Amino acid sequence: MSDARDPTEFDPIVPNTGEEYEPLEVFPESGSFDLRPGADSCYKCSTCDTNCPVAEVDDDFPGPKFQGPEQWRLKQTDDDYVIDSSISECSNCLRCDTSCPSGVNLAQMHNTARGEYVENQVPKFSVKYIRNRILANYRTSAYFASMLPRTANFFMNFGPVRWAMEKVLHVPSEREFPEFATQTFRQWWAERGGAKVHSDEKRIAYFHGCYSNYNTPQVAKALVRIYEYFGYEVMVPEQKCSGTPMFANGMLDDARRHAETNVESLTAAIEDGADIVASCTSCSMALRNEYPELFDIDGIDDLAAHTYDAVEYLRIHTDVRQELEQAEVSGELAEEFAYHAPCHARSQGLERQAIELFRNLDGVEIEDVGDSCSGISGTYGWKSEKYEKSMEIGSEMFEHMEDSGGTTGMTECPTCASQMEHGTGYDIRHPLELIEAALID
Amino acid sequence: MAIESDVLVIGGGLAGLSSAISAAREGADVRLVTYKQSTLRQASGLIDVLGYTPDGDGPLTDPYEGIDALPEDHPYRIVGVDTVRDAMSMFDEVVDTYQGGHTDTNALLPTYGGTVKPTARYPDGASAGLASDDRDLLLVGFEAMPDFDAPHVAAHLRAAGVPFDVRGVTIQFPGELMDDAKVTRYAKLLENNGPVTVRGRERGARDALVERINPELEDEPRVGLPAVLGDDDAAGVRAALEAELGVDVFEVPATPPSMPGVRLEDRLFEALDEAGGNFESGNPVVSFDGQDRVETVYVDKQDARIPFSADQYVLATGGLVGKGVESDRERVYEPIFDCYVPHPEDRYDWFDEAVFGEHPFAGFGVDPDPELRPLDAGGSPEFQNLRAAGSVLGGYDFAAEKSGSGVSIATGYHAGRIAAQEAQ
């Protein structure tokens, strides 16, 4: 036994990529996360590659197996190795992560490689870097826009402004900018006087994220009303961006800064007896999965263990499924929904919960439009050089939506929603809005 | 509280899907949870029932006849030959894109390795490739896809004594695909007749491929290609190629990752959806509550434990390769419920010294009662409401017998049906 671990302690049941596995030093100390166990678990079956929506349409993209385990190995054996620029073509959908039969942490490998690439190889004064940084920090733009929402709505979709954005920042003028609400969710919450239900036993803290605060407060309000209907006390702690768009753009320092605030304020809510729920599946994914994979912040594991998707939490703790089977929807939401499961919902095992909950709900129809990726992947489809690719990836979903019965879409992810709307012209709703319509309205 | 259903199936491979579909067709509220994506992505797409006896005799003409001669503890003997037949009928009903159900006789199909394999069901797309068909054939491989080396496969088939002339040629796939372009890339280009650049001109990939195959054809009435002919609409891709080439076109069943496996996975999940079943993937079942009965199982999402409870459970987590059976230096065990896995005490008795010898580990798995409930060391069911299906079961060597798919379908069907009946 020279340089390897004692094999009698080796426990192959648990995907051996967690912190518990500590190989003796074989490769030099790097100060960053040790990704070797993941690289060693990869046996090159290429299942990840068959799941990659980018490799399916892009002839230059070498696929997740290369980006993750192989690139990591190349780095270990060649001191001069620089991260391949193709890492910036990865859309961070994380499908590879869900597919790996060996539990290789491809998402973590991709995020660290991308962070390193942006840090060391992308000039900080390049247009791309500046554009990506603006896109990644959506919360900042949204914060300013929400001060004058009507003006912002006008200018963000005003032809000449968008022409200039395309020319200067390479933001595709084809895309419609999401509308800013005239009253943010937090303003509504404050005006309402906070929680209407108080309980020591049943308490959740809501991570609303940026989008349902600034753009779709109706989703956030639906969440509050549903949880209060089931007797929960809702807390709305201080929070910043979950970091998803920052991981996807390799801006790990920005993401960490926001994560520090979130971890501090959400762990305080956990100490007050709350579990954390999010209505955006990329936000819950970030808190659950990416935080502990990428950062070492006090309480971060505790936060991951207490975070749930808002609908998932209702499925575990309430009779929502039985109540919906008895309920009926009429009015505006009595529709046929074309449901798309976001990739980040898929990796949390939530890809079918909307179908399950609504398939027996009177007054509505729901159809799963299949397992293709919507193609937008957050900020990915907001870059001129990736717009066409994003639409090509999405084409399968658009076709399936058009083949479905109605003209209303449904998804949990705000950027998937904007892609669905962009590709089909459908109105897109969140499952929480339908639960609200069924049980409360 | 917990997320509830009548029947909870753990595992998303062929056994898990078969049990979930059979339970849902019995009217139970079914949920399937799978740690990762279905392992069908790594399967050839062929459905074997029994190709060889445990002594290596074969290929067998009729797999059902061979079942009687199997040892008593073989899963086929435990569920009985009639159940195997019923299970295959269910498969034929839900997967309408497969052939072979018209006869009890095994079909013989060429593989990527150039061997000829006995199998009970095969995808429509492979049917023009039958080795029992005496028409001459041309195999066409692509340069950048070394898994399928057409001249080598042709030479092997000739050596195997197939009753026809076979040639293999390697051509360049049109367009400048990278050397390790994914099977999904080929499939998508062919399905959409997507644009590729050929000598500076933009062409449809399918049209350009036809032009490259045409000059290679002599008078063979059938052409075999790597299994990348489309994804959602494989039949359409094949029909278009056949119309242009004027010959029958087939796919040779593939090595992983495999488009025929992906298509079968898609079809079976659709069938589960149509039968009203629910499913989710991405996270493992790691623990449970219960003594005589399994009360609740826990799915691990990062560190959050998500509780799922059901009246009846089916364990379809796979064998030693699929991680449904594990081993360390001390013992062989089933990792979720710690069901008893019979095995010799000395680990040097777990394997044979010859690489291709008769390895005892190939038959490791839980030992079930006639209802497929895993038994403890004393011969009593470990739990009243837990049944096992597929390669988590012991007593057979699917690789040697060519029985993997059939055992998964038969035991899955049996376990799912009993679970649904018990739950009602």
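Order of the sequence lines fixes the chain letters, A, B, ..., with proteins taken first and strands second; residue numbering starts at 1 for each chain. Note that the structure is predicted; figures quoted are calculated from it, not measured.
- In this structure, B:R185 and A:V57 approach most closely via the heavy-atom pair NH1-CA, 3.4 Å.
- The shortest heavy-atom contact between A:G103 and B:K36 is CA-CE, 4.3 Å.
- Looking at A:Y43, only its side chain comes within 4.5 Å of chain B, counting heavy atoms on both sides.
- When B:L177, B:D273, B:N192 are compared by the number of non-hydrogen pairs under 4.5 Å with chain A, B:D273 comes out ahead.
- Within a 6.0 Å radius of CD in B:E345, other residues, nucleotides and ligands contribute 12 heavy atoms or fewer.
- A:N51 and B:Q37 share a donor-acceptor pair across their side chains, judged by distance under 3.5 Å alone.
- Within the 4.5 angstrom heavy-atom criterion, no atom of B:E270 approaches chain A.
- Residue contact with chain B, scored on non-hydrogen atoms closer than 4.5 Å, involves the backbone of A:F61 exclusively.
- At a heavy-atom separation below 4.5 angstrom, chain B is approached by A:E392, A:E396 within residues 390-398 of chain A.
- Annotation for A:A55 and B:K182: closest pair CB-CG, 3.7 Å, computed over non-hydrogen atoms.
- With a 4.5 angstrom heavy-atom cutoff, A:D60 touches chain B only via backbone atoms.
- Residues B:P257 and A:C45 come closest through the heavy atom pair CD-O, 3.5 Å.
- Taking a cutoff of 4.0 Å between a charged side-chain nitrogen and a carboxylate oxygen, A:E312 and B:K301 qualify as a salt bridge.
- When each of B:D232, B:D300, B:D231 is scored by its heavy-atom pairs under 4.5 Å with chain A, the top score falls to B:D232.
- Looking only at heavy-atom pairs under 4.5 Å with chain A, the residue among B:D29, B:V299, B:D180 that has the most is B:D29.
- Residues satisfying the side-chain contact (heavy atoms from CB on, under 4.5 Å) criterion with B:N193, sequence neighbours excluded, are B:R206, B:D207.
- The heavy-atom pair separating A:D49 from B:T184 by the smallest distance is O-OG1, 4.0 Å.
- For chain B, the nearby part of A:D97 is the backbone; its heavy atoms alone come within less than 4.5 Å.
- Using a 4.5 Å cut-off between heavy atoms, A:S347 contacts chain B through its backbone alone, with no side-chain atom that close.
- Most heavy-atom pairs under 4.5 Å with chain B, from the set A:A305, A:S46, A:C100, A:C52: that is A:A305.
- Checked for salt-bridge contact, A:R359 and B:E274 miss the test: no charged N lies under 4.0 Å from a carboxylate O.
- Note: B:G276 leads B:G322, B:P307, B:G276 in heavy-atom pairs under 4.5 Å with chain A.
- Chosen from A:A304, A:A341, A:G63, A:P62, the residue pairing most often with chain B at heavy-atom distances under 4.5 Å is A:P62.
- Residues B:F269 and A:D371 fail the side-chain proximity criterion, which asks for heavy atoms closer than 4.5 Å.
- There is a side-chain donor-acceptor pair under 3.5 Å between A:E351 and B:S281.
- A:E356 has a carboxylate O that lies under 4.0 Å from a charged side-chain N of B:R31, or vice versa, which qualifies the two as a salt bridge.
- For B:A2, the part sitting under 4.5 Å from any heavy atom of chain A is the backbone (N, CA, C, O) and nothing else.
- Across all their heavy atoms, A:T98 and B:G282 have their closest contact at CG2-CA, 3.7 Å.
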